[in-house]
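Here's the structure, in structure tokens; my notes come after.
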Amino acid sequence: MAMALRAASRVLLRAGSRLGRREAVDGARRFANKRVLVETEGAAGATRIAVMKFRNPPVNSLSLDFLTEFVISLEKLENDKSIRGVILTSDSLKRGNQTKVAATEKTEEKRATRDHGGRLQERPGIFSAGLDLLEMYGRNPAHYAEYWKAVQELWLRLYLSSLTLMSAINGASPAGGCLLAITCDYRIMADNPKYTIGLNESLLGIVAPFWLKDNYVNTIGHRAAERALQLGTLFPPAEALKVGVVDEVVPEDQVHSKTLSVMAKWLAIPDHSRQLTKTMMRKATADNLIKQREADIQNFASFISRDSIQKSLHMYLEKLKHKKG
Ligand SMILES: CCCCC/C=C\C/C=C\C/C=C/C(=O)SCCNC(=O)CCNC(=O)[C@H](O)C(C)(C)COP(=O)(O)OP(=O)(O)OC[C@H]1O[C@@H](n2cnc3c(N)ncnc32)[C@H](O)[C@@H]1OP(=O)(O)O
């Protein structure tokens, strides 16, 4: 009987759910899509925290597939009443034995860094490289519209989430990477001067959408946002802290533990009062997009389709490809 139960539970653990794999690991629970790994911490029946780890090699760009999996994972956590807090972070770790595959090889798989076994690897030190430039370059207007709808959806879900969201920023976080962070209730960044965060769209020849601009203004204030958006400033940790893009900067090896301890303080606040306060602070900004979502999609599709914008993106992609170091 015991053997049969063990066998049955092995089968259940192996069986893929509609959302992805679910496994039991050291008392913690986890589920995983291909690009987002979710681990929950805390005893059954008690308040639990989930850690959402991005693993979309090579640079955690927000591809359409990644956005879809992210929203599915978040929805699943929103529906789990035992989860009250979620930490967003990158699964990218410093790993040895990596080989960067030649830049002349074009496919997504080949662009990624691989280990000696040929497995795809994240490049280390990247929270998220932002929107996937290849979703915005050389495609058709219908694709741009579909992509932008998914970007809006992710932003709305995060910005209005009833969960306490924190980002543990363990790497570079430009543009859409910064978007993920500034939707959170609290941001903790690793103290590594190689990591920068900010909305650098103007450097690519594109413009942050009004709702992302509003989110930035709500985070760092109007004057600082006006300057940073025009200049496309990417702030290293100390400056990010000074301007308020992040709330704390801590040594790299303490980012996770510090985020957990701050989360514990936030979770000591009654949910209903914290959630109502969050909604009061954020609803008007989100409603502004909700009431003109379709127009925003059409604006994006026609803006990004312009020859001049495609040319700017092409030049930026080439610059990335040929950069040194
Ligand atoms: C008026 C109407 C307005 C409507 C709205 C209009 C426009 C939309 C606006 C914006 C919102 C948000 C936009 C964005 O998020 S745009 C993306 C911005 N991101 C960046 O600028 C980051 C670019 N990347 C980097 O700086 C670096 O790659 C890195 C993240 C710091 C990592 O550096 P590292 O040296 O470790 O890696 P590589 O540079 O060699 O990169 C590896 C590999 O990945 C490719 N890559 C990098 N970033 C992206 C990306 N965002 N999307 C797709 N691909 C990316 C890079 O080209 C390399 O490829 P290779 O083939 O050379 O291996």
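Note that the numbering runs from 1 along the sequence shown for the chain. When a ligand or atom number is given, it counts from 1 through the structure's own listing order.
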Subset of ligand 1 atoms that lie under 4.0 Å from at least one heavy atom of Asn200
20 (C), 21 (O)

Verify, without hydrogens or angle tests, whether Gln310 (side chain) and Met136 (backbone) share a donor-acceptor contact under 3.5 angstrom.
yes

Would you please name every residue forming a side chain to side chain contact (heavy atoms under 4.5 Å, CB included) with Arg157, sequence neighbours left out?
Val71, Leu74, Glu75, Glu153

For ligand 1, is any non-hydrogen atom under 4.0 Å from Leu204's backbone (N, CA, C, O), its side chain (CB onward), both, or neither?
side chain

Test of understanding: with side chain to side chain donor-acceptor pair (under 3.5 Å), list the residues that count as partners of His314, not counting sequence neighbours.
Tyr137

Asp253, CG: over 12 other non-hydrogen atoms inside 6.0 angstrom
yes

N/O donor-acceptor pair under 3.5 Å between Gln275 side chain and Ser162 backbone
yes

Less than 4.0 Å is my threshold; does some heavy atom of Trp148 fall inside it relative to ligand 1?
yes

Should you measure from each heavy atom of Ile126, which atoms of ligand 1 turn up under 4.0 Å away?
32 (C), 36 (O)

In terms of atom number and element, which parts of ligand 1 are under 4.0 angstrom from non-hydrogen atoms of Gly130?
15 (O)

Identify which of Leu131, Asn60, Asn299 has a heavy atom lying nearest to atom 51 (N) of ligand 1.
Leu131

Which ligand 1 atoms, with their elements, are less than 4.0 angstrom from a heavy-atom of Val59?
41 (O), 42 (C), 44 (O), 46 (N), 47 (C), 48 (N), 49 (C), 55 (C)

Below 3.5 Å, N or O to N or O, backbone or side chain included: is there any such pair between Ala129 and ligand 1?
yes

Distance under 4.0 Å to a non-hydrogen atom of Tyr316: what atoms of ligand 1 satisfy this?
20 (C), 21 (O), 22 (C), 23 (C)

Any nitrogen or oxygen of Leu317, side chain or backbone, less than 3.5 Å from one on ligand 1?
no

Got an N/O contact under 3.5 Å between Arg123 and ligand 1?
yes

Yes or no: does Asp132 have any heavy atom under 4.0 Å from an atom of ligand 1?
yes

Distance check, rounded to the nearest 0.5 Å: Ile87 atom CD1 versus Lys53 atom NZ?
10.0 Å

Short side-chain to backbone donor-acceptor contact, Asp296 and Gln292, under 3.5 Å:
no

Compute the minimum heavy-atom distance from Lys323 to ligand 1 and say whether it is under 4.0 Å.
yes

Check the angle between the aromatic planes of His143 and Tyr147 and answer parallel, tilted or perpendicular using the 30° and 60° thresholds.
parallel

Between Phe300 and Trp148, what is the ring plane arrangement, given parallel below 30°, perpendicular above 60°, and tilted in between?
parallel

Under 4.0 Å from any heavy atom of Gly176, which atoms of ligand 1 are there?
14 (C), 15 (O)

